[in-house]
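These notes are about the structure you will find just below.
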Amino acid sequence: ILHGDGGIEAAQRVDDLVREMETFYDQGKLENPPDVVHYTIAIAAWAQSASPVDKSSRHRGRKNQSHRDEKTSTSVHRCAQILSHMMERHKAGYDNCVPNARTYNAYLDALSRGYYFEEAESVLYHLLHQYNFVYKRKNDAMAPDTFSFNTVMISMTRFAASHHDTDQNSLYDRAEAILDRVLEYCANENPKAVPNDRSFAILINHYTSSRGGRKIHALADRYNPDERPYRAEAVFDRMINYEGKLI
């Protein structure tokens, strides 16, 4: 099913199959209930069915950020419902359906496809907090990886580049803050989140290709406004001076 067109119908079919598994297990027709893998596949299917903000909403500014097509809203909402359902089943005693990093990555993918960058940012930092402080970095299944960070950065920079009336300064700064976090995270010996060349290219690309005449304020008070190429150069310098190994 997942190899189909990735649309709403395919996602609904996957969703229905997982719910049928729950029913069959409750009726004694299935030896094991659906686990984290099944639910994660369902979330990924809904994520694939999500579409970016429709083109008619572009250039209207952040006040219309919520103007998304019904298909995207449905997909993202269903992902959130499945995630919540997993947590409820875990509380009910189903230990094998605890959401893991892959589950959250699928949800992040859905949020980012629809430019729900604020929600995506919140989920990313929640996952990071869970891994660091709840699981004390002892549960690798809960560790955010390179995809987790890159996905949220992409969502922010793409939205900023296509919505010239929004606060681009803030979004680029927040994307750079995520890059800072992934570098800090990796420095603390978390190999799953080793940055790759795309981690840096996401920002470099948008600093060198974004248009709209918007002023970009100084980066850490080191650059003058409207000197976006210097911001790109600063990110590039961080990449070539990165002491780790890019994946």
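Around CD of Q27, the count of heavy atoms belonging to other residues, nucleotides or ligands within 6.0 Å exceeds 12. Remark: R158 CZ is loosely packed, at most 12 non-hydrogen atoms of other residues, nucleotides or ligands lying under 6.0 Å away. With a 6.0 Å radius and a threshold of 12 heavy atoms from other residues, nucleotides or ligands, F147 has its CZ atom above the threshold.
For the residue pair Y39 / R89, a side-chain donor-acceptor distance below 3.5 Å is found, with atom types taken as modelled. Using a 3.5 Å distance cut-off with no hydrogens or angles, the side chains of Q81 and H77 do pair a donor with an acceptor. Remark: the N196 side chain and the N150 side chain contain an N/O donor-acceptor pair separated by less than 3.5 Å. Residues D173 and S170 bring no donor and acceptor atom of their side chains to less than 3.5 Å of each other.
Closest approach of R238 to L183, counting heavy atoms only: NH2-CD1, 3.2 Å. Counting all heavy atoms, side chain and backbone alike, L108 lies closest to L124 at CD2-N, 4.1 Å. Shortest non-hydrogen contact noted between M156 and F117 is CG-CB, 3.8 Å. In terms of heavy atoms, V194 sits closest to T146 at O-OG1, 2.6 Å. When every heavy atom of V76 is checked against every heavy atom of A110, the shortest pair comes out as CG2-O, 3.6 Å. Among all heavy-atom pairs drawn from T72 and A50, the shortest one is OG1-C, 4.2 Å.
Counting heavy atoms from C-beta outward, D95 and H90 have side chains that approach closer than 4.5 Å. Proximity of R231 to V235: side-chain heavy atoms (C-beta onward) are nowhere separated by under 4.5 Å. Residues Y104 and M142 are in side-chain contact: their nearest non-hydrogen atoms beyond the backbone lie under 4.5 Å apart. Annotation: side chain of N96 is in contact with side chain of P33 (closest heavy-atom distance under 4.5 Å).
V36 and V134 fall within the same hydrophobic cluster, where Ile, Leu, Val, Met, Phe, Trp and Tyr residues are linked whenever their side-chain heavy atoms come under 4.5 Å apart, directly or through other members. In the hydrophobic clustering of ILVMFWY residues, with side-chain heavy atoms under 4.5 Å counting as a link, I240 and F200 come out together. In terms of hydrophobic clustering, with Ile, Leu, Val, Met, Phe, Trp and Tyr side chains grouped at heavy-atom distances under 4.5 Å, M21 and I43 are assigned to different clusters. Cluster membership for V14 and L30, using ILVMFWY side-chain heavy atoms within less than 4.5 angstrom, is not shared. Following chains of ILVMFWY side-chain contacts shorter than 4.5 Å, one can reach L128 starting from Y135, so the two form part of one hydrophobic cluster.
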R13 vs D16, test: salt bridge (Lys or Arg N to Asp or Glu O under 4.0 Å). Steps then yes/no. CA-CA 5 Å; R13 289 174 64 191; D16 290 343; over 6 Å; no

Could you give me the CA-CA distance, side-chain angles and deciding distance for Y94 and E22, then say whether side chain to side chain donor-acceptor pair (under 3.5 Å) is met? CA-CA 11 Å; Y94 295 91; E22 291 182 354; over 6 Å; no

So S122 and Y116, side-chain contact (heavy atoms from CB on, under 4.5 Å) or not? Walk me through it. CA-CA 10 Å; S122 177; Y116 289 80; over 6 Å; no

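With S49 contributing its side chain and W46 its backbone, the two residues share a donor-acceptor pair below 3.5 Å. With hydrogens and angles ignored, the 3.5 Å screen pairs no side-chain donor or acceptor of T157 with any backbone N or O of H206. At distances below 3.5 Å, at least one donor-acceptor pair connects side-chain atoms of S75 with backbone N or O atoms of K71. Under a 3.5 Å cut-off, the side chain of T151 and the backbone N or O of S148 do not form any donor-acceptor pair.
To the nearest 0.5 angstrom, L179 atom CG is 15.0 Å from Y185 atom OH. Here the CE-CG distance, from M153 to L203, works out to 4.0 Å after rounding to the nearest 0.5 Å. Atom-to-atom distance recorded for N32:CG and Y25:OH is 7.0 Å, nearest 0.5 angstrom. With rounding to the nearest 0.5 angstrom, the NE2 atom of H38 is 12.0 Å from the SG atom of C97. Put simply, CZ on F236 and CG on N241 are 9.5 Å apart, with the number rounded to the nearest 0.5 Å. Here the straight-line distance linking atom OG of S199 with atom CD1 of I178 works out to 11.0 Å at 0.5 Å rounding.
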